[in-house]
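Each chain gets a letter, A, B and so on, in the order the sequences are listed, and its residues count up from 1.
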Amino acid sequence: MASTPTSTTSPEFTGEPLTERGRQKADRRAAILTAAARLFADRGYAGVTIEDLGAAVGVSGPAVYRHFSGKSAVLAAILEGASRSLLDGADEVLANAPDAASALRSLIAFHVDFALADADVIVVQDRELEQLDPGVRHDVRSLQRRYVEHWVATLAELRPDRAEVELRFRAHAAFGLLNSTPHSARTPGRRPADGTVRGILEEMAWASLMS
Amino acid sequence: MGEPHVVTLRATRDTDLDTLHRNPHHDTSATGLVRRTVRADGEIVGELESVREGEVIVVSLDALPAELGEAVRVRALRLFVDTLPRPVHAKPAGDAASVAVLERCGFRRVDGEFHRLD
């Protein structure tokens, strides 16, 4: 397959035509976010400086300020970007799925893509959400809740016999399973091939939700 | 085709090499080999590599196809070169256009080679 999911740390697309300079700036911003997710995951948010972020992409610390007002803005962009792109992806899945069963399969496959591509982001999200300013944290939580509700609604169609609280509990348990990739997927070479990992995660998630 | 919104690099995975029809064992014996997969709006479009030759890092454009166009190649190469220690030299690919790509990324021809002058 020639395409892989666009990283959730990509900048938001405005749809406006960009100048060449603007495109370079977008490339740089995306590179900073990817490097930042890796550094925050490795050393913790507190252990990383603006200079470290610049050095990771080959620019000075002050040059990072052309893209972000500070370290907390970088963290906010990572976590807000991830939760927004998850929600957008789930919206798209649900809009295109012919029935609830294929919707659930597509939601699982979509989340596996995220978990394999953005294991760093999962670590940062688990550990550093409390570092966000209250306003941003509220936005991130609200995006995450809406994402979960897409899963719950899909499950409710498949298992109308089950209470919504149980379905929500199962959805969270399945996320725990899928979001295990930071423990297994961050060191290539120490896990089975990508295709195998994907198959295992999809199968286990389906079983955990539908058992 | 419009220009991609964003060009990104990531550490090359074996599955990327399948996508690009490149041999995973290509040149792995080279000293200090660094490989980065180039993606345009998430789609894998090429690869950049560097090796260490003595004191110098040498970048190869062989796997960054001319069909991508000058703008995308420049964007990818610029991101890559910025992460490398100096001094950096480069080898143009077989196509003439790759020379322009190198020049736009700050390389100049010195004694038949391309050197980044910073």
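- Heavy-atom contacts from other residues, nucleotides or ligands closer than 6.0 Å to CD of B:Glu55 number 12 or fewer.
- Within a 6.0 Å sphere centred on CZ of B:Arg86, heavy atoms belonging to other residues, nucleotides or ligands number more than 12.
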What side-chain donor-acceptor pairs closer than 3.5 Å can you find for residues 67-82 of chain B, not counting sequence neighbours?
| from | atom 1 | to | atom 2 | distance (Å) |
| --- | --- | --- | --- | --- |
| B:Glu70 | OE2 | B:Arg104 | NH1 | 2.7 |
| B:Arg73 | NE | B:Leu64 | O | 2.9 |
| B:Arg73 | NE | B:Pro65 | O | 3.4 |
| B:Arg73 | NH1 | B:Asp95 | OD2 | 2.9 |
| B:Arg73 | NH2 | B:Leu64 | O | 3.1 |
| B:Arg73 | NH2 | B:Asp95 | OD1 | 3.1 |
| B:Arg73 | NH2 | B:Asp95 | OD2 | 3.3 |
| B:Arg75 | NE | A:Asp27 | OD2 | 2.7 |
| B:Arg75 | NH1 | B:Pro4 | O | 3.0 |
| B:Arg75 | NH2 | A:Asp27 | OD1 | 2.8 |
| B:Arg75 | NH2 | B:Pro4 | O | 3.2 |
| B:Arg75 | NH2 | B:His5 | O | 3.3 |
| B:Arg78 | NH1 | A:Gln24 | OE1 | 2.9 |
| B:Arg78 | NH2 | B:Arg104 | O | 2.8 |
| B:Asp82 | OD2 | A:Arg28 | NH1 | 3.2 |
| B:Asp82 | OD2 | A:Arg28 | NH2 | 2.5 |

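- Highest contact tally toward chain A, considering only B:Val7, B:Thr83, B:Leu9, B:Thr15, is held by B:Val7 [criterion: heavy-atom pairs under 4.5 Å].
- More than 12 non-hydrogen atoms from other residues, nucleotides or ligands lie less than 6.0 angstrom from CD of B:Glu103.
- A:Arg43 CZ: more than 12 foreign heavy atoms inside a 6.0 Å radius.
- For the pair B:Val6 and A:Ala30, the tightest heavy-atom approach, listed with the atom from each and the gap, is CG2-CB, 3.5 Å.
- When the heavy atoms of residues 50-59 of chain A are compared with those of chain B, the residues falling under 4.5 Å are A:Ala56, A:Val57, A:Gly58, listed by number.
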